[in-house]
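Below: the structure, in structure tokens.
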Amino acid sequence: MFNKRVRIKELLSNEASNYDATVMGWVRTFRNNQFIALNDGSTNNNLQVVATLGNFDEKTLKRITTGACIKVTGEVIPSLGKGQKVELKAVSIEILGDSDAEKFPLQPKRHSLEFLREIAHLRFRTNTFGAVFRVRHSLAFAIHKFFNDKGFIYLHTPIITASDAEGAGEMFKVTALPLDGTAAKNEDGSINYKEDFFGRSTNLTVSGQLEGELAAMAFSDIYTFGPTFRAENSNTTRHLAEFWMIEPEVAFNDLEDNMNLAEEFIKYVIQYAIDNNPEDIEFLAQRLDEEEKQKPQNDRSEMRLLEKLEFVVNNDFERLTYTEAIEILKESNHNKKKKFQYLIDGWGTDLHSEHERYLVEKHFKKPVILTNYPKDIKSFYMRMNDDGKTVAAMDILAPGIGEIVGGSQREERMDKLTERMAEMKIPQEELGWYLDTRRFGSCPHAGFGLGFERLVQFVTGMGNIRDVIPFPRYPKSAEF
RNA sequence: UCCUCCUUAGCUCAGUUGGUUAGAGCAUCUGACUGUUAAUCAGAGGGUCGCCCGUUCAAGUCGGGCAGGGGGAGCCA
């Protein structure tokens with residue numbers, strides 16, 4: 001059998017030696033015409049393969065280049081050198097795939113993340129991206145495990161949606177009509193979507209929430225975890241045009257239940273990564289340390305990556321209302337000394353990222369849950385509070401990346417909901433199916449959306465969201 | 001989309017007040033060495049200085065436009 005191999009992770013974690021093994025992987029470096037650092041992606045650590053001098057012909061040795069794929073059979077022995085416990089003394093080396101050293105772009109040295117982004121198809125083979133995507137996997141798995149263990153149903157909401165009333169952002173159009181101007185038109189010159197594949201105008205989903213609410217009205221506890229698309233021209237380190245979102249929706253939960261669920265969830269998945277990817281997180285911590293050294297003293301982070309993650313897991317998130325946050329900001333020295341670009345002067349406007357950062361990074365120094373925002377800066381489906389001015393919304397702000405969760409208790413009262421829709425000029429006929437849940441057995445319920453890539457950013461410490469998704473989609477970029 | 005900075009060898013970067021033939025480290029190739037840890041040592045090859053236009057006797061260097069990238073802002077997750 002060809003694939004009778006042992007993964008390098010298993011081989012290295014096994015203390016045993018003096019047994020035969022076959023490994024396959026990609027050459028990271030070939031030192032001294034004798035020592036191959038081999039990696040198969042199962043761990044960031046390389047296996048040292050020793051090709052004893054004189055045992056292999058010159059032709060084979062020449063083909064062991066950085067990036068080449070090889071199969072090695074030999075004996076696992078206690079290492080004669082420092083730096084590793086065991087090594088593989090090669091008996092046979094087979095070149096599975098050559099790699100032209102003059103053309104292979106990865107070198108055994110540090111590359112810039114910007115350069116690696118241009119070769120996203122090869123960047124998996126670096127230590128940094130190996131670690132990032134193993135952590136990404138663990139987080140994805142932990143998410144399913146968390147909800148499954150709690151009895152939630154994993155709901156697949158549609159990728160193609162017809163509703164354009166959600167207001168979550170600019171949408172990508174989905175059409176099978178010709179784009180050369182020959183598509184059927186209405187009398188007023190607009191495109192006649194009755195002729196289109198679905199017989200109506202459709203888009204890529206911007207959120208699975210509304211559909212999630214429908215299922216929560218039957219299963220009580222559901223979550224979605226899937227791709228989401230926003231056609232906004234956002235060019236930042238924390239926005240993507242295609243990203244993955246987790247959206248739990250829970251019947252009978254109020255705002256406080258919602259906060260409790262979100263906080264427990266975030267702590268659980270972070271702890272899972274800490275427990276299952278200690279080496280990857282330590283590697284990422286080290287590269288962050290290097291990065292921090294380049295910064296001026298007072299911009300440096302007070303905690304290392306692992307400390308930061310453990311701090312989040314072991315401390316309660318700070319919970320306060322929008323109104324309380326405005327007070328803190330207004331009374332802050334930062335505001336009084338006019339150090340904010342946008343000074344806080346009154347109640348009712350949305351917070352800018354500098355304000356959120358101040359609250360999270362300077363004032364509380366931990367994740368913050370802000371609640372009960374003014375109704376005018378939030379969505380139509382959020383539940384109206386008794387004061388008539390605020391809604392039962394919550395945003396979770398994380399150090400370094402800002403808003404990681406946005407959620408709310410939903411408006412379950414038909415009259416209040418339709419009133420809000422009218423105010424915000426949202427046509428009811430488009431959302432008849434959504435309003436049916438309020439017509440037939442409506443109940444209090446709540447949910448939130450968590451941006452998966454922002455979570456991965458937080459856990460890996462990566463500064464740019466484009467480096468935590470395998471093939472990022474953002475304005476002017478859809479290669480690979 | 002706005003503000004700001006950047007673009008010089010495969011990669012990471014130097015390049016002085018505009019002035020001969022544009023440099024270094026790493027990588028690559030050739031050779032030496034051989035228990036190395038991003039091996040080491042010696043030598044060699046490698047450049048339309050992002051693209052276009054302008055100023056000037058002369059532009060990598062100054063000015064304008066465009067493209068791409070970084071950081072920040074807005075929109076948000």
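Values below: all heavy atoms of this structure, side chains included; hydrogens, waters and symmetry mates excluded. Not measured: the values here are computed from a predicted model. The sequence lines fix the lettering, A, B, ..., with proteins before strands; numbering per chain opens at 1.
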Nearest nucleotide by nearest heavy atom, which residue falls closer to the 5' end of RNA chain B, Lys476(A) or Phe115(A)?
Phe115(A)
Short side-chain N/O contact from Thr29(A) to OP1 or OP2 of A39(B), under 4.0 Å:
yes
Distance between C1' atoms of G35(B) and U48(B) (Å, rounded):
47 Å
Would the His144(A) and Tyr223(A) ring centres measure less than 6.0 Å apart?
yes
Between P on G70(B) and CE on Met462(A), what's the gap in Å once rounded to a whole number?
13 Å
Just call it for Leu80(A): base, sugar-phosphate, or nothing, with non-hydrogen atoms closer than 4.0 Å on any strand.
base
Check the distance between U37(B)'s C1' and Gln34(A)'s CD and give it to me in whole angstrom.
13 Å
In whole angstrom, give me the gap between the P atoms of A38(B) and U21(B).
42 Å
Considering only atom P, compute the distance from A27(B) to G72(B) and round it to an integer number of Å.
33 Å
Taking atom types as modelled and ignoring hydrogens, do the side chains of Tyr381(A) and Glu213(A) form a donor-acceptor contact shorter than 3.5 angstrom?
no
Quick check on C76(B): is either OP1 or OP2 less than 4.0 Å from any side-chain nitrogen or oxygen of Ser234(A)?
no
Distance flag, aromatic centroids of Tyr154(A) and Phe225(A), threshold under 6.0 Å
no
Do other residues, nucleotides or ligands put more than 12 heavy atoms under 6.0 Å from the CZ atom of Arg473(A)?
yes
Would you say Arg466(A) reaches G71(B)'s phosphate, i.e. side-chain N/O to OP1/OP2 under 4.0 Å?
no
Using the P atom as the point on both nucleotides, what is the distance between A67(B) and G46(B), in whole Å?
35 Å
Starting from the 5' end of RNA chain B, give me the residue, Arg31(A) or Ser353(A), whose nearest nucleotide shows up first.
Arg31(A)
Please convert RNA chain B into dot-bracket. A pair counts if it is Watson-Crick or G-U wobble with both distances under 3.5 Å; crossing pairs go in [ ] and bases paired with another strand get |.
(((((((..((((.....[...)))).(((((.......))))).....(((((..]....))))))))))))....
Atom CZ of Phe35(A) and atom C1' of U37(B): how far apart are they, to the nearest Å?
9 Å
Ionic contact status for Asp395(A) with Lys378(A), cut-off 4.0 Å:
yes
When you check every protein heavy atom under 4.0 Å of nucleotides 23-28 of chain B, what one-letter string (B, S, -) results, 5' to 3'?
--BBSS
Work out how far the C1' atom of U56(B) is from that of G19(B), and round it to whole angstrom.
12 Å
Think Asn33(A) has a side-chain N or O under 4.0 angstrom from the OP1 or OP2 of G35(B)?
no
Looking at the rings of Phe317(A) and Phe265(A), which for Trp means the six-membered one, are their centres under 6.0 Å apart?
no
Using atom P of each nucleotide, how far apart are A59(B) and A14(B) to the nearest Å?
24 Å
May I ask you to check whether Phe146(A) and Tyr268(A) place their ring centers less than 6.0 Å from one another?
yes
Option among Arg134(A), Glu279(A), Lys9(A) that satisfies the side-chain hydrogen bond (donor to acceptor under 3.5 Å, both in side chains) test with Asn44(A):
Arg134(A)
Ignoring backbone atoms, test whether His352(A) places a side-chain nitrogen or oxygen under 4.0 Å from the OP1 or OP2 oxygen of G74(B).
yes
Please work out if Gln48(A) contacts a base, only the sugar-phosphate, or nothing of the nucleic acid, heavy-atom cut-off 4.0 Å.
base
side-chain N/O Ser79(A) vs G35(B) OP1/OP2, d < 4.0 Å:
no
Reckon Glu87(A) touches a base, only the sugar-phosphate, or nothing at all at heavy-atom distances under 4.0 Å?
base
Run the salt-bridge test on Lys339(A) and Glu354(A) with the 4.0 Å N-O cut-off and return the result as yes or no.
no
What contact category does Glu354(A) fall into here, base, sugar-phosphate, or nothing, at under 4.0 angstrom with non-hydrogen atoms?
nothing
Would you classify Asn46(A) as touching base, sugar-phosphate or nothing, given that sugar-phosphate means primed atoms plus P, OP1 and OP2, and contacts are heavy atoms under 4.0 Å?
nothing
Give Arg28(A) one of three labels, base, sugar-phosphate or nothing, depending on what nucleic acid heavy atoms sit under 4.0 Å from its own.
nothing
Rounded C1' spacing from G54(B) to A58(B) in Å:
15 Å
What interatomic distance, in whole Å, is found between C1' of C13(B) and the corresponding atom of U8(B)?
9 Å
Provide, to the nearest angstrom, the distance between the CD1 atom belonging to Ile401(A) and the P atom belonging to G72(B).
13 Å
Apply ring-ring contact (aromatic ring centres under 6.0 Å, His included) to the pair His355(A) and Phe340(A), showing each step before the final yes or no.
CA-CA 8 Å; His355(A) 307 130; Phe340(A) 285 127; 4.8 Å; yes
Rounding to an integer number of Å, can you tell me how far Leu116(A) CG sits from G10(B) P?
17 Å
Polar contact flag, side-chain donor to acceptor under 3.5 angstrom, Ser42(A)-Glu10(A):
no
